[in-house]
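Below is one structure; the comments refer to it alone.
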Protein chains: 2
Amino acid sequence: MTTQLEGDGVGVQDSGTDRLGVAWPSYPHEVLGVVLSVRQSQLCVLLWRRRLSPQRGRWALPGGGLSADERLRGAITRHLAVKVDVHEIAHLEQLATHSAVDRDPRGRVLATAYLGLVPSDADSEPPPDTTWQPVDDLPQTAFDHRFFIDAAVERLRAKLSYTNVGFALAPQEFTIAELRDLVSAALGYQVSPTNLTRVMTRRQMIEPTGATSAPGRAGGRPAAVYRFARRELTITDPFAVLKPPR
Amino acid sequence: MTTQLEGDGVGVQDSGTDRLGVAWPSYPHEVLGVVLSVRQSQLCVLLWRRRLSPQRGRWALPGGGLSADERLRGAITRHLAVKVDVHEIAHLEQLATHSAVDRDPRGRVLATAYLGLVPSDADSEPPPDTTWQPVDDLPQTAFDHRFFIDAAVERLRAKLSYTNVGFALAPQEFTIAELRDLVSAALGYQVSPTNLTRVMTRRQMIEPTGATSAPGRAGGRPAAVYRFARRELTITDPFAVLKPPR
DNA sequence: TCAAAAGTGTTCCCCTTACACCCATGA
DNA sequence: TCATGGGTGTAAGGGGAACACTTTTGA
């Protein structure tokens with residue numbers, strides 16, 4: 001079998017043919033979105049319930065097919081907007097591509113998943129049959145979607161520690177208490193607001209806006225309002241060890 | 001356009017059709033290997049020179065098509081063995097999938113790249129038209145392969161710091177001086193053997209075999225021989241900050 | 001005995017963590 | 001003035017980096 005792509009053209013939608021005349025197979029390709037957000041102090045993933053078989057009744061990741069004229073990132077953005085009405089994705093990155101031959105019983109489909117993060121204050125009453133499911137209490141999921149979800153959560157938790165991804169889970173402005181809630185929910189354990197402030201400030205991830213928020217009805221000192229200094233992914237702690245010499 | 005895959009079967013090699021009768025396009029899919037190894041104290045990538053257009057004469061990553069009955073990992077393993085005679089891959093992980101519509105002028109092909117690591121003592125006189133190219137001095141490369149190479153190097157450098165991936169670049173047994181050479185080459189800057197030993201020992205990544213190696217002709221104290229304690233990928237320094245409470 | 005190579009000990013410094021203490025507000 | 005929630009100061013501990021010093025060999 002000749003597998004290196006050389007010579008004459010390879011047509012989309014058909015089996016390709018290389019210059020030796022050997023068939024070059026084609027596969028349908030789907031994109032899936034693992035959309036995470038903190039809802040009611042829990043890290044949640046957006047799932048919708050399948051109405052049809054196979055896997056009828058199970059919870060699945062939103063997504064769909066890759067069209068001939070679009071790229072993977074464009075495809076997942078489109079599907080999330082159209083199908084589950086998600087428009088406020090603050091961060092989107094590719095996770096992995098799965099290729100098990102029988103991952104879909106109807107025939108072979110390759111799947112590329114993306115990790116998408118949505119701020120906790122983004123509106124989104126999700127459409128019918130779609131909900132925010134806490135990742136610590138997942139129902140039975142369809143196909144191999146569970147692997148993608150686990151990978152996404154793991155990736156997020158790791159990146160919270162050495163990048164500023166937190167911005168993608170947080171509102172534009174927030175108090176330290178709110179940020180602590182978000183980060184604790186995302187990581188799955190409590191972090192102290194004291195040190196969270198210090199670490200994030202030292203790394204210049206967050207900065208005070210100057211404003212303060214009104215205290216609750218029980219009183220208390222008004223909280224300072226912060227914002228993320230940058231709202232694009234930045235690596236803030238590049239190397240743990242083996243740093244380059246200064 | 002209906003893009004969610006539901007209902008009737010989707011055939012490989014053909015355009016699929018979902019239950020609404022809307023076409024589900026298929027694409028050829030190739031796998032590429034970014035095979036890295038330290039050669040003569042330089043981090044190198046295995047490239048082969050294209051003999052045919054397009055991109056004739058440019059250096060390309062080894063790889064090839066995905067067959068109907070195999071998965072991506074199997075495909076890249078097969079291609080590396082058959083085409084560039086690489087059998088001693090100590091670590092293999094998926095890097096990314098590129099989907100630019102025009103990434104290959106002959107027609108649309110999706111590409112998934114893998115990062116492969118080969119120990120520095122693996123034989124491999126590479127086949128004709130194939131060489132180990134230092135990543136700091138790359139020639140002009142074909143298609144979008146340069147992006148994959150850069151991503152691979154970046155991934156390796158990051159993981160050297162918080163995992164034991166080093167095992168995949170090192171021989172079974174080695175002295176600290178040899179390990180220092182490898183790590184320095186991979187990272188692109190000198191690391192001190194003193195602290196390298198301490199860090200890797202504390203994390204139980206390496207352990208002495210008890211043997212010593214003969215000194216060179218100029219004399220000198222014989223070096224202790226070490227090995228990696230585990231030869232599978234292990235995360236040794238999970239979180240830089242925001243650790244869970246003890 | 002000297003040079004070369006390898007390994008160890010010690011110190012410094014920065015960062016994270018823990019925790020006590022102080023500040024601002026509503027009732 | 002008290003309870004409540006927020007923020008700051010300070011000390012402890014760990015780990016990595018730097019560097020001097022010791023050990024072991026060949027010539």
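Only heavy atoms go into these numbers, but all of them, side chains included; no hydrogens, no water, no symmetry mates. Below, read A as the first sequence line, B as the second, and so on, with proteins coming before strands; counting in each chain starts at 1.
Ring geometry for A:F174 versus A:F228: interplanar angle of 30 to 60°, hence tilted.
No engagement by B:S192 is indicated, since no non-hydrogen atom pair under 4.0 Å with the nucleic acid exists. Contacts of A:T194 with the nucleic acid, taken as non-hydrogen atoms under 4.0 Å apart, include base atoms. B:R180 comes within 4.0 angstrom of nothing in the nucleic acid, heavy atoms only.
Look at A:R103 and A:E30 and you find a salt bridge, because one of the NZ, NE, NH1 or NH2 atoms lies within 4.0 Å of a carboxylate O, short of that distance. Ion pairing between A:D129 and A:R49 fails under the 4.0 Å rule for side-chain N and carboxylate O.
Put simply, NZ on B:K243 is 12 Å from C1' on D:dG13, counting in whole angstrom units. The interatomic distance linking B:I176 (CD1) with C:dG7 (P) rounds to 6 Å, in whole Å. In this entry the distance linking CG of B:N195 with P of D:dC19 reads 11 Å, nearest Å. Put simply, CD on B:Q190 is 12 Å from P on D:dA18, counting in whole angstrom units. If you measure from atom CG of B:L196 to atom P of D:dG15, you get 17 Å, rounded to the nearest angstrom. What separates CG of A:D237 from C1' of C:dC14 is a distance of 12 Å, to the nearest Å. Atom OH in B:Y189 sits roughly 11 Å away from atom P in D:dA18 (whole-Å rounding). For the pair A:M200 CE and D:dT8 P, the interatomic distance rounds to 16 Å; values are reported in whole Å.
Heavy-atom nearest nucleotides on DNA chain C were determined for B:Y226 and for B:L242, and the one closer to the 5' end corresponds to B:Y226. Of the residues near DNA chain C, B:A224 and A:P222, the one whose nearest nucleotide (by heavy atom distance) lies more toward the 5' end is B:A224.
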message: For a side-chain hydrogen bond (donor to acceptor under 3.5 Å, both in side chains) check, start with the C-alpha distance between B:T97 and B:T112, then their side-chain angles and the critical distance, and finish with the verdict.
response: CA-CA 4 Å; B:T97 300; B:T112 298; 2.9 Å; yes
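Proximity of A:R203 to the phosphate of C:dT16: a side-chain N or O atom is located under 4.0 Å from OP1 or OP2. For A:R202, a side-chain nitrogen or oxygen approaches OP1 or OP2 of C:dT16 to under 4.0 Å.
Nearest nucleotide to the B:V241 side chain, out of D:dG9, C:dT16, C:dG7: C:dT16.
Counting only N and O atoms by type, the side chains of A:D181 and A:S41 include a donor and acceptor under 3.5 Å apart.
The base of D:dG26 is not paired with the side chain of B:R221 by any donor and acceptor separated by under 3.5 Å.
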